[in-house]
Amino acid sequence: MTEFRIPFNRPTYLGSETEYIADSLSTSHISGDGRYSRRCHEFLERSLGVERAFLTTSCTHALEMAALLLDIQPGDEVIVPSFTFVSSINAFVLRGAKPVFADIRPDTLNLDERELPRLITEKTRAIVLVHYAGVACEMDAIMAIARQHGIAVVEDSAHALFSKYKGRHLSTFGELATLSFHETKNFTCGEGGALLINDDSLIERAEIIREKGTNRGRFFRGQVDKYTWVDLGSSYLPSDMLAAYLWAQFERASEIQERRREIWEYYDERLAGWASAYDVQLPTVPDYCEQSYHMYYMVLPSFNARTALIQHLKDNGILSVFHYLPLNMSDMGRRYGGKAGDCPVAETVADRLLRLPFFYALTPSELDEVANAIGAFEMRD
Ligand SMILES: *Cc1c(COP(=O)(O)O)cnc(C)c1O
C-alpha cells in the first residue's frame, strides 16, 4: 500500500492511555465492568443526560443489543437512511427484520423526514437514525411521526457524541442510541462502542443481554442468590483495559473536541472561495445544531471531478476517501428489493462526496498543505 505523507486518519492518542492501561492491569480486574468501565459509564450518563450507558465491544454490537431489546421479529420492518454504514441496519436484519431504505436530505445528508409517511406501514417497528457527520436529523418532525405511529427510534450516534439539537444532546431523543469508539471516531479505544438507554424499562434487560443472557449483574448486587440463564444474550462487554484507554480520552474530551473544531473551521474558511468558484457543496450545519466535528466532507459537482481531485491529492501525498455505497444498491439491499433509483439523493451524493484528512493530531502545517493542494486544483468538468 502507498504511504501517504498526510494520512486520512491517525487514531486519537494522548499518551495517558498507556498509563491507565498499566493501572488497569495492576488491579487484576481486566474483564468487563471494572473501575474504568464504571468511570466511562458515569461520564456518558452525566455529560449527555441519558438514563444509562453501557460500554460495548463496538457500535455494531450496541445496535445488535438494540434490536434484541426492541424484540425485533422476522417480518418486522425497520426504516434506515440509505446513506449509512451497514451496521445501522444489519443488526436488525440479523433478527429477521426487513430493511426499508429512506432517501436523505440534500443539505445535511441525513434521513429525509419527509420520506417517513410514505415508508411507514403496519409492520414498521423502528426507525434507525444516523446523525451524519454529527449534524442532527430533524428531530422534532421525526419524533412526532414516530410517537404518532408508536414506532421506536434508535439513534446511531457513531458520528455524534456531544452534538446537540436545539440545545439538547443527541442520543437523548430515541429510546436507544449507540456510539462507536472505532479508531476513526473522535474518541477511540481501537474497537469499542456504547449503548445509551433513555427508556427506563429497557435497562434491566439490557444488562442481561449484555451478560450472555444471564442475571449476573443482579447476582453481584446481591439481588438474587444464584445466577442463571434468563434471556437471549451475548458477550457485549469490552475489557476494562479498553475502557482505561477510552477513559484517558474522555478525561480530556473538551481538549479533543476543541482541536477538532479548529480543524473543521479552518477547512471551512479556507475552502469557501474555491468551493463557490467550482460549485462544490460544503457541509450545512443548521443554526439550531451544534455539531461534533467528526468529519469534513465536500460534495463535488461530478463523479469525474471527485476522481480527479482524489488523484491530485494523492499526487501531493494526501489521502482523501469517500464512503457509503447506498444500501439500496448493495448486494444485500437488492435481496430486499432495493434498486438503483430508489434513493436518488443518496445515490448522487455517494458518487460525489469526498472526506478530507481529519484527526486530532493533524498539524497546522499539514492542514495548510491540504487546503493549499485543494486550492491549486483546477476542475475541468
Ligand atoms: C463507525 C460506524 C458504525 C460502526 O461502528 P463500529 O464501532 O465499528 O461497530 C456504525 N454506524 C455508523 C454511522 C458509523 O459511522
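In listed order, ligands and their atoms are each counted from 1. In this text the structure is predicted, and so the values were computed from the model without any measurement.
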Are any of the side-chain nitrogens in [X] or [Y] under 4.0 Å away from the carboxylate oxygens of its partner?
| X | Y | value |
| --- | --- | --- |
| Arg52 | Glu204 | no |
| Arg147 | Glu175 | yes |
| Arg260 | Glu255 | no |
| Arg39 | Glu42 | no |
| Arg210 | Asp33 | yes |
| Arg95 | Asp71 | no |
| Arg205 | Asp231 | yes |
| Glu369 | Arg5 | yes |

Closest approach of any protein heavy atom to [atom], naming residue and atom:
| atom | answer |
| --- | --- |
| atom 7 (O) of ligand 1 | Ser180 OG, 2.7 Å |
| atom 14 (C) of ligand 1 | Ala158 CB, 3.4 Å |
| atom 9 (O) of ligand 1 | Thr60 OG1, 2.5 Å |
| atom 1 (C) of ligand 1 | Lys185 NZ, 1.7 Å |
| atom 11 (N) of ligand 1 | Asp156 OD2, 2.7 Å |

Could you list the atoms of ligand 1 found under 4.0 angstrom from a heavy atom of [X]?
| X | answer |
| --- | --- |
| Val130 | 13 (C) |
| Gly192 | 7 (O) |
| Cys59 | 4 (C), 5 (O), 6 (P), 7 (O), 9 (O), 10 (C) |
| Ser58 | 7 (O), 9 (O) |

Check contact between [X] and ligand 1, using heavy atoms of the residue and a distance below 4.0 angstrom.
| X | value |
| --- | --- |
| Ala62 | no |
| Tyr324 | yes |
| His61 | no |

| message | Any nitrogen or oxygen of His159 lying under 3.5 Å from a nitrogen or oxygen in ligand 1? Just yes or no. | response |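 For ligand 1, there is an N or O atom that lies under 3.5 Å from one belonging to His159.
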
| said: Just so I know, are the side chains of Thr214 and Ile208 near enough to count as touching, which here means a heavy-atom distance under 4.5 Å? | reply: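 SC-SC contact between Thr214 and Ile208 ruled out.
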
| task | Tell me which one of Tyr132, Phe83, Phe85 gets a heavy atom nearest to atom 3 (C) of ligand 1. | result |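 It is Phe85 whose heavy atom sits nearest to atom 3 (C) of ligand 1.
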
